[in-house]
Protein chains: 2
Amino acid sequence: MSNKEISTEQAILKAAKNIFIRKGMEGARMQEIADEAGINKALLHYYFRSKDKLFEAIFTDAILKIVPNIMEMMKSDLPLFTKIELFTNNYIDAFTENPFVPGFIMHELSRDPSKIVNMVKNAGINPHPFIDQVKRETESGNIIPVDPYHLIVNMLSMCIFPFVATPILINVLFNKNADSYKEFILQRRKEVPHFIINAIKKK
Amino acid sequence: MSNKEISTEQAILKAAKNIFIRKGMEGARMQEIADEAGINKALLHYYFRSKDKLFEAIFTDAILKIVPNIMEMMKSDLPLFTKIELFTNNYIDAFTENPFVPGFIMHELSRDPSKIVNMVKNAGINPHPFIDQVKRETESGNIIPVDPYHLIVNMLSMCIFPFVATPILINVLFNKNADSYKEFILQRRKEVPHFIINAIKKK
DNA sequence: GTCTATATTGTGATAGAC
DNA sequence: GTCTATCACAATATAGAC
């Protein structure tokens, strides 16, 4: 395997990622990916047998972005509020770097939900340590009683939704000003954990 | 225009809605829509000139579901906490009845964001009365200081995200048990406004 | 208005020269 | 490994009979 090979394969993956993530499996065109990579269609099939295989490579990679290595942290014995802050910051940072990933994942999973089975297996997601911790804090009266499932969904909602709804929010809420929306996203790193902790802490 | 005509057109619209909303513009097939409506492809083009025109009709209709007539309410002089409860309940109810609409809108808008411009014009969305009310309540010290833009996005996030992410949540958080997820969605009618109000009320 | 048949175009995939 | 040319088929759209 020569250097040239590697570099072509990388170019394909990079181009495919750009196109697939913006347009989805069905919206993407092999021609478009080839153009973006500066090669022709035939080479795509030389490196990856089919559109499906190429898509699979991109999709798997994107999944890894949505399931970062914070599971260890969630299992740890850090204080609840610290975990909430680390969790939200981690996701908001990851999506700020890859803003199209959330919408991509959402759409493709609703197209073919069976993919989640593999995702869950490979990622080793386990929300129960966190759920148990929330239950313990509720029972010992350290926080306002809260259903841990709703808490988790609320956390994920506030981290992910703004990236899925970016075009709506820019137009409706920010007068089509993309810059002030960027600023807004940066603020969420602080605002979201602050909001969540306010909702459950006793004062 | 005979009764038969109307009924065929309605059948087409109903079928198209089913297919488009589940599969999106690019995933949907005219053949599939024709089958669902119990007619053939040619009739689709007789009633709606092209796939694009048919899609446009469905999309516009779906938008109206995501922008219900609660704008009047938001402009009213109801107490802030009452508005928050009405707002969240209204959205959660609308999406419970049309669970595929949020994902559909999100995906299509990221495919062609320019559609939002028309949407906003026609719907007359204006968040400023609500924003001003939040500012007033903050300044008079009635609530914990909160940025109104983040508050609105948080509200929308918690109402909409669970419907966009349904397949993920069922598999990862609810052990593939769709029934307990349904139960969970019903609970959110109470949990979401409760959570939001807790986050901003002084105690 | 509704159908069958067909035209037309787009797109994933392959063959084969270099 | 990379290209050009082409195939095979799927999907939108139209023509024309009834």
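Residue numbers start from 1 in every chain, and the chains themselves are labelled A, B, ... in the order their sequence lines are given, proteins ahead of strands.
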Nearest listed nucleotide, side chain of [X], among [options]:
| X | options | answer |
| --- | --- | --- |
| A:Ser50 | C:dA13, C:dT14, C:dG12 | C:dA13 |
| A:Lys41 | D:dT2, D:dA15, C:dA13 | C:dA13 |
| B:Ala42 | C:dT4, D:dA13, C:dT14 | C:dT4 |
| B:Tyr47 | C:dG12, C:dA15, C:dT2 | C:dT2 |

In whole angstrom, give the distance that lies between atom [atom1] of [X] and atom [atom2] of [N].
| X | N | atom1 | atom2 | answer |
| --- | --- | --- | --- | --- |
| A:Ile19 | C:dG12 | CD1 | P | 12 Å |
| B:Met25 | D:dA11 | CE | P | 14 Å |
| B:Lys51 | D:dA10 | NZ | C1' | 12 Å |
| A:Arg49 | C:dA15 | CZ | P | 10 Å |
| B:Glu26 | C:dG12 | CD | P | 11 Å |
| B:Phe48 | C:dT2 | CZ | P | 12 Å |
| A:Gln10 | D:dG1 | CD | P | 13 Å |
| A:Leu44 | C:dT14 | CG | P | 13 Å |

A:Lys83 atom NZ: more than 12 heavy-atom contacts under 6.0 Å: yes
Does [N] have OP1 or OP2 sitting under 4.0 Å from an N or O in the side chain of [X]?
| X | N | answer |
| --- | --- | --- |
| A:Arg29 | C:dG12 | yes |
| B:Asn40 | C:dC3 | yes |
| B:His45 | D:dA13 | yes |
| B:Tyr46 | D:dT14 | no |

With a 6.0 Å cut-off on the ring centroids, do B:Phe48 and B:Phe55 count as close? no
Please work out if B:Ala34 contacts a base, only the sugar-phosphate, or nothing of the nucleic acid, heavy-atom cut-off 4.0 Å. nothing
Below 30° counts as parallel, above 60° as perpendicular, anything between as tilted: where do the rings of B:His107 and A:His107 land? parallel
Parallel, tilted or perpendicular: which describes the rings of B:Tyr91 and B:Phe95, with under 30° parallel and over 60° perpendicular? tilted
Is the Lys NZ or Arg CZ of B:Lys115 less than 6.0 Å from the centre of B:Phe59's six-membered ring, within 45° of the axis?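 Yes - B:Lys115 lies over the ring of B:Phe59, closer than 6.0 Å to its centre and within 45° of its axis.
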